[in-house]
Amino acid sequence: MRAADLARAVAGALLDLVYPPRCAACGEPAPDGGTFCGICAEAVDPVPAGCGRCGLPGPDAICGGCRRSAPAFDAVRAGGLFGGPLAEAIHALKYGGRPALARPLGRWLAEVVPPAAGALVVSVPLARGRRIERGYDQAALLAGAYARGAPSRPARGRAALARTRETRAQVGLSREERARNVAGAFAATGAVKGRDVVLLDDVVTTGATADAASLALRRAGARSIVVVALARAE
Ligand SMILES: [Zn+2]
Ligand SMILES: [Zn+2]
């Protein structure tokens with residue numbers, strides 16, 4: 001064990017003594033330092049089989065939408081379906097002023113959807129206005145915890161992807177409006193050139209934001225792009 005890893009492990013053990021691990025959804029004690037308590041862990045629904053490209057649950061190997069217009073990313077993987085305890089934990093992380101939840105949730109995601117060896121973990125950057133309002137970028141925090149929690153220890157591309165303009169919140173917009181809202185809103189740096197990128201976000205819904213961000217990564221030379229999210233919303 002490297003000195004830095006040892007220091008982190010000792011710090012983590014001390015933190016657990018002072019603040020015993022609590023379920024990220026309901027706040028009850030979580031056994032064995034887990035992210036969720038036993039009841040909430042059972043209530044997280046796995047993502048059903050679906051489109052090999054966008055992950056949309058359904059019987060088709062590639063869905064109609066992806067056949068008509070393939071997204072810029074190669075695949076989507078999510079920790080679970082949006083709902084129940086997973087939705088509660090994400091809500092607390094995003095809107096409840098609980099940035100510390102990024103650590104257990106990122107670690108959980110690295111167990112459920114581990115990155116490929118040699119991957120570069122990049123997060124979808126939050127719009128500046130929302131970052132100032134919230135005080136933190138939850139996807140960036142998640143990406144850090146995800147990279148640290150994965151046994152393959154992937155690299156973290158902190159400044160590899162940026163927003164080039166402000167966008168409206170996607171909530172309440174139609175599929176077409178969402179795509180238009182985020183089109184061309186991202187730029188990536190040469191750090192992604194030739195890399196297998198894991199693009200991390202909290203929730204994937206239509207994939208419009210992930211697609212726009214992936215297009216920027218692709219243009220900057222990313223070799224492959226897998227979108228990884230805590231939850232898949234339908
Ligand atoms: Zn719980
Ligand atoms: Zn699809």
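Small disclaimer: the values here were computed from a predicted structure and weren't measured.
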**Message:** Heavy-atom count check: over 12 atoms from other residues, nucleotides or ligands less than 6.0 Å from Arg219 CZ?
**Reply:** no
**Message:** Treating Arg53 as the side-chain partner and Pro71 as the backbone partner, does any N or O pair qualify as donor plus acceptor under 3.5 Å?
**Reply:** yes
**Asked** Can you list every ring pair (Phe, Tyr, Trp, His ring centres under 6.0 Å) pair that touches residues 206-234, not counting sequence neighbours?
**Response** none
**Prompt:** At what distance, to the nearest 0.5 angstrom, does CZ of Arg148 lie from CZ of Arg107?
**Reply:** 10.5 Å
**Asked** Restricting to pairs with a member in residues 43-75, which pass ring pair (Phe, Tyr, Trp, His ring centres under 6.0 Å), not counting sequence neighbours?
**Response** none
**Within residues 191-233 or reaching into it, pairs that qualify as ring pair (Phe, Tyr, Trp, His ring centres under 6.0 Å) - sequence neighbours excluded** = none
**Message:** If hydrophobic residues (ILVMFWY) are linked whenever their side-chain heavy atoms come closer than 4.5 Å, directly or via other members, who joins Leu215 in its cluster?
**Reply:** none
**Message:** If the condition is side chain to side chain donor-acceptor pair (under 3.5 Å), which residues does Thr164 pass it with, not counting sequence neighbours?
**Reply:** none
Pairs under 3.5 angstrom only: tabulate donor-acceptor contacts from the side chains of residues 63-70 to other protein residues two or more places apart or in another chain.
| from | atom 1 | to | atom 2 | distance (Å) |
| --- | --- | --- | --- | --- |
| Arg67 | NH1 | Ile62 | O | 2.8 |

**Asked** Take atom CD in Glu177; do more than 12 heavy atoms of anything else shown fall under 6.0 Å from it?
**Response** yes
**Message:** Strictly by ring pair (Phe, Tyr, Trp, His ring centres under 6.0 Å), give each pair with a member in residues 176-223 just once, sequence neighbours left out.
**Reply:** none
Donor-acceptor contacts under 3.5 Å from residues 165-173 side chains, at least two apart:
| from | atom 1 | to | atom 2 | distance (Å) |
| --- | --- | --- | --- | --- |
| Arg165 | NH1 | Asn181 | O | 3.2 |
| Arg165 | NH2 | Asn181 | O | 3.3 |
| Arg165 | NH2 | Ala183 | O | 2.6 |
| Glu166 | OE1 | Gly129 | N | 3.2 |
| Glu166 | OE2 | Arg128 | N | 3.2 |
| Thr167 | OG1 | Arg163 | NH1 | 2.7 |
| Gln170 | OE1 | Asn181 | ND2 | 2.8 |
| Gln170 | NE2 | Arg178 | O | 3.4 |
| Gln170 | NE2 | Thr209 | OG1 | 3.2 |

**Message:** Restricting to salt bridge (charged side-chain N to carboxylate O under 4.0 Å, His left out), what partner residues turn up for Asp202, sequence neighbours left out?
**Reply:** Lys94
**Asked** Can you name the salt bridge (charged side-chain N to carboxylate O under 4.0 Å, His left out) partners of Arg218, sequence neighbours left out?
**Response** Asp74
**Asked** Taking only residues two or more places apart in sequence or in another chain, which ones pass salt bridge (charged side-chain N to carboxylate O under 4.0 Å, His left out) with Asp196?
**Response** Arg223
**Fill in**
Going by chain and number, the hydrophobic cluster around Val226 (ILVMFWY, side chain to side chain under 4.5 Å) further includes Phe36, Val44, Phe82, Leu86, Ile90, Leu93, Leu101, Leu105, Trp108, Leu109, Val112, Val113, Val121, Leu142, Tyr146, Val198, Leu200, Val203, Val228, Leu230
